[in-house]
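Below you'll find the structure, written out as structure tokens, and then a few comments.
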Amino acid sequence: MKRIPAPALLAWFQEQRRDLPWRKRRTPWRVWVSETMLQQTTVAVVAERFEKFMRLFPTPAALAAATESEATLAWAGLGYYRRVRNLRAGALALGKRPVPRAEDDLLGLPGIGPYTAAAIRAFAFDEPAAVIDANVGRVLQRFMGEEGAWNTAPVLKKARAVLRASSPPRGRDFSEGLMELGALVCTPKDPACPACPLRPDCAAHATQRVAETTTRKRRAPVRQIEAVRLRIQRAGKTLFVQRPLDADLLPGQWELPGAWCARDTVIDAALVARLLRPLGFRLAGEFKRSAVARHSVTTHQLRCTLLDTPVRGRMCRARWLRKDELPGTLTTETRKLLLAGGSS
DNA sequence: GAGACGTGGGC
DNA sequence: TGCCCAAGTCT
């Protein structure tokens with residue numbers, strides 16, 4: 001079994017370790033929150049928001065006591081809101097018990113998968129755990145000379161075996177060092193092999209195939225969408241509606257009423273009337289196209305149009321609000337459109 | 001196992 | 001500007 005040279009890795013890590021906010025105090029809750037935030041999200045974006053979230057919710061109990069809307073608001077800018085819903089659900093499930101240390105107990109909490117369970121065990125409890133994220137996966141893939149994707153079952157199995165054979169009994173710095181190595185040195189593009197403490201033992205380096213072992217996953221096809229949003233105002237207030245709490249996409253967020261349509265949809269009075277009907281309104285004059293914006297949300301590429309829409313009738317299932325009294329998170333689509341459309 | 005799930009920042 | 005990515009999890 002090939003082994004990672006732990007002393008060389010640890011020496012490198014001691015020199016190169018970045019000072020990141022979540023590395024200041026390693027409580028299980030801080031590790032859980034930060035690892036959740038860092039899923040598919042850049043270090044720079046998380047670094048700006050982590051401490052603020054921790055001030056609002058310093059303990060699992062604090063998050064459990066908050067509403068889902070408050071929790072989502074604190075998550076704004078991070079995306080993948082399912083993560084904060086899961087975090088809160090996990091805190092609720094915990095009750096008064098401490099964050100668990102055993103892998104099976106961690107895996108039982110919502111939003112905690114193999115990576116996050118291992119990260120909590122290693123970073124919070126200093127256990128030897130197979131902390132394999134995309135960084136570590138890439139390091140090990142190259143180290144072992146595997147050219148398939150790191151996250152396929154057979155490569156992962158070998159990776160776990162290498163880690164088991166290599167990790168010291170106290171696994172925190174070893175695991176974190178390997179991750180840091182993937183982030184700073186063994187990068188997907190242009191890896192800095194001369195700076196790598198694993199170079200003497202690296203299979204990909206030996207065969208000069210480091211560049212070839214970069215796996216990239218293909219992106220889901222982008223769907224082109226026409227987004228139509230109505231700005232309906234009365235007495236200085238604007239009408240907002242809330243997305244369903246069980247929606248797959250952006251659950252519970254607030255937005256201007258409207259719809260996503262096929263890209264070739266014609267925006268005319270008939271369409272606007274159709275959008276108004278479920279709100280209990282009828283069109284009461286000419287609508288005006290007052291802004292356009294572009295926005296992408298996961299696999300949807302939106303061309304957004306803001307329509308200032310005069311109405312009559314009675315509304316339902318919606319709220320009149322001034323800008324400064326929004327009840328929660330606005331969708332970015334609506335936020336961009338209102339920014340582009342100014343106040344009118 | 002593929003597809004869905006967001007956003008801000010880099011180039 | 002437009003396209004790409006970034007410490008996964010769930011279905």
Side-chain angles (χ1 to χ4, degrees), chain A residues 17-18 20-23 30-50 72 75-87 89-90 106-124 129-140 148-156 175-184 186-190 214-225 243 246-253 255 292-303 329-336:
Chain A
R17 182 180 193 273
R18 288 172 293 178
L20 298 169
W22 46 92
R23 289 180 175 168
R30 284 172 65 87
V31 174
W32 185 0
V33 171
S34 59
E35 291 307 327
T36 302
M37 283 188 176
L38 284 160
Q39 292 168 10
Q40 305 292 285
T41 308
T42 55
V43 164
V45 168
V46 174
E48 280 180 16
R49 294 164 173 82
F50 175 71
T72 301
W75 201 260
L78 288 166
Y80 286 154
Y81 297 92
R82 181 180 297 165
R83 292 182 294 174
V84 71
R85 295 161 67 93
N86 281 337
L87 206 49
L106 287 165
L107 288 174
L109 292 166
I112 296 187
Y115 165 76
T116 305
I120 292 172
R121 287 173 48 68
F123 302 156
V131 183
I132 306 179
D133 70 335
N135 288 308
V136 176
R138 182 174 59 253
V139 171
L140 291 177
W150 66 267
N151 53 358
T152 58
V155 179
L156 265 176
S175 295
E176 199 162 37
L178 216 42
M179 245 164 116
E180 194 81 329
L181 189 68
L184 300 182
C186 193
T187 49
K189 284 187 303 186
D190 306 321
T214 299
T215 54
R216 67 182 57 131
K217 68 186 151 190
R218 48 190 185 288
R219 300 183 63 73
V222 172
R223 284 162 286 185
Q224 306 282 329
I225 306 283
R243 298 174 63 83
D246 59 353
D248 288 333
L249 188 66
L250 305 172
Q253 295 200 11
E255 61 189 357
V292 294
R294 312 269 305 180
H295 179 57
S296 291
V297 47
T298 64
T299 56
H300 312 268
Q301 194 168 83
L302 276 42
R303 183 167 67 196
T329 312
L330 270 187
T331 65
T332 303
E333 177 198 343
T334 283
R335 197 156 39 77
K336 280 188 182 176

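None of the values given here were measured: they were computed from a predicted structure. Side chains included, hydrogens not; waters and symmetry mates left out as well; all remaining heavy atoms used. Each chain gets a letter, A, B and so on, in the order the sequences are listed, and its residues count up from 1.
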Spacing of [X] atom [atom1] relative to [N] atom [atom2], expressed in whole Å:
X: A:L156; N: B:dG1; atom1: CG; atom2: P; result: 11 Å
X: A:N151; N: B:dG3; atom1: CG; atom2: C1'; result: 14 Å
X: A:R83; N: C:dA7; atom1: CZ; atom2: P; result: 13 Å
X: A:E176; N: C:dA7; atom1: CD; atom2: P; result: 14 Å
X: A:W32; N: C:dG8; atom1: CH2; atom2: P; result: 18 Å
X: A:W22; N: C:dA6; atom1: CH2; atom2: C1'; result: 12 Å
X: A:K189; N: C:dC5; atom1: NZ; atom2: P; result: 8 Å
X: A:L330; N: B:dG6; atom1: CG; atom2: P; result: 16 Å

Listed by chain and number, what are the salt bridge (Lys or Arg N to Asp or Glu O under 4.0 Å) partners of A:R17, not counting sequence neighbours?
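Not a single residue meets the salt bridge (Lys or Arg N to Asp or Glu O under 4.0 Å) criterion with A:R17.
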Please enumerate all residues that pass salt bridge (Lys or Arg N to Asp or Glu O under 4.0 Å) together with A:R223, with sequence neighbours excluded.
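Partners of A:R223 under the salt bridge (Lys or Arg N to Asp or Glu O under 4.0 Å) test: none.
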Are any of the side-chain nitrogens in A:E176 or A:R23 under 4.0 Å away from the carboxylate oxygens of its partner?
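Yes, charged N to carboxylate O under 4.0 Å.
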With rounding to the closest Å, how many angstrom separate the P atoms on C:dT11 and B:dG6?
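Here C:dT11 and B:dG6 have their P atoms 14 Å from each other.
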Span that lies between the P atom of B:dC11 and that of C:dA7, in whole angstrom:
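Comparing P positions in C:dA7 and B:dC11 gives a spacing of 15 Å.
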Distance-only donor-acceptor check, side chains A:R138 and A:T187, under 3.5 Å
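Checked: A:R138/A:T187 side chains show no N/O donor-acceptor pair below 3.5 Å.
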Identify all pairs in which a protein N or O lies below 3.5 Å from an N or O of nucleotides 9-11 of chain B, and state each distance.
none

Hey, is the side chain of [X] poking within less than 4.0 Å of OP1 or OP2 on [N], counting only N and O atoms?
X: A:R223; N: B:dG3; result: no
X: A:T332; N: B:dT7; result: yes
X: A:Y80; N: C:dA6; result: no
X: A:H300; N: B:dG6; result: no

Check every strand shown and say whether [X] touches a base, only sugar-phosphate, or nothing at a heavy-atom separation below 4.0 Å.
X: A:R335; result: sugar-phosphate
X: A:W75; result: nothing
X: A:V43; result: base
X: A:L249; result: sugar-phosphate

Nearest to the side chain of [X], which nucleotide is it out of [options]?
X: A:N135; options: B:dG8, B:dC5, C:dA7; answer: C:dA7
X: A:P188; options: C:dA6, B:dC5, C:dA7; answer: C:dA6
X: A:Q301; options: C:dC3, B:dC5, C:dA7; answer: C:dC3
X: A:L250; options: B:dC5, B:dT7, C:dA7; answer: B:dT7
X: A:R18; options: B:dG6, C:dA7, C:dC3; answer: C:dA7

Output a table of nitrogen or oxygen pairs between the protein and nucleotides 9-11 of chain C separated by less than 3.5 Å.
| from | atom 1 | to | atom 2 | distance (Å) |
| --- | --- | --- | --- | --- |
| C:dT9 | OP1 | A:G113 | N | 2.9 |
| C:dT9 | OP1 | A:G113 | O | 3.4 |
| C:dT9 | OP1 | A:T116 | N | 2.9 |
| C:dT9 | OP1 | A:T116 | OG1 | 2.6 |
| C:dT9 | OP2 | A:Y115 | N | 3.2 |
| C:dC10 | OP1 | A:G111 | N | 2.7 |

Please tell me if the side chains of A:V33 and A:R30 come closer than 4.5 Å, counting only heavy atoms from C-beta onward.
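Not touching, per the 4.5 Å side-chain cut-off.
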Is A:H295 close to A:Q301 at the side-chain level, that is, under 4.5 Å between some pair of heavy atoms?
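The answer is no, as the side chains (C-beta and beyond) never meet within the 4.5 Å cut-off.
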Partners of A:A124 by side-chain contact (heavy atoms from CB on, under 4.5 Å), sequence neighbours excluded?
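In terms of side-chain contact (heavy atoms from CB on, under 4.5 Å), with neighbours along the sequence ignored, A:A124 is linked to A:P28, A:V31, A:I120.
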Using heavy-atom distances to pick each residue's nearest nucleotide on DNA chain B, tell me which of A:K336 and A:T299 is more 5'.
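The residue closer to the strand's 5' end, by nearest nucleotide, is A:T299.
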What pairs with A:Y115 under side-chain hydrogen bond (donor to acceptor under 3.5 Å, both in side chains), at least two apart in sequence or on another chain?
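Expected list: A:E35.
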Candidate pair A:L38 and A:W22, rule side chain to side chain contact (heavy atoms under 4.5 Å, CB included), full reasoning:
CA-CA 11 Å; A:L38 284 160; A:W22 46 92; 3.8 Å; yes
The test is side chain to side chain contact (heavy atoms under 4.5 Å, CB included); show your working for A:K336 and A:T332 and say whether it passes.
CA-CA 6 Å; A:K336 280 188 182 176; A:T332 303; 4.0 Å; yes
Counting distance alone, no hydrogens or angles: does the base of B:dG8 have a donor or acceptor under 3.5 Å from a partner atom on the side chain of A:T41?
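Flag unset: no donor-acceptor pair detected.
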Please step through side chain to side chain contact (heavy atoms under 4.5 Å, CB included) for the pair A:V222 and A:H300, ending with a clear verdict.
CA-CA 6 Å; A:V222 172; A:H300 312 268; over 6 Å; no
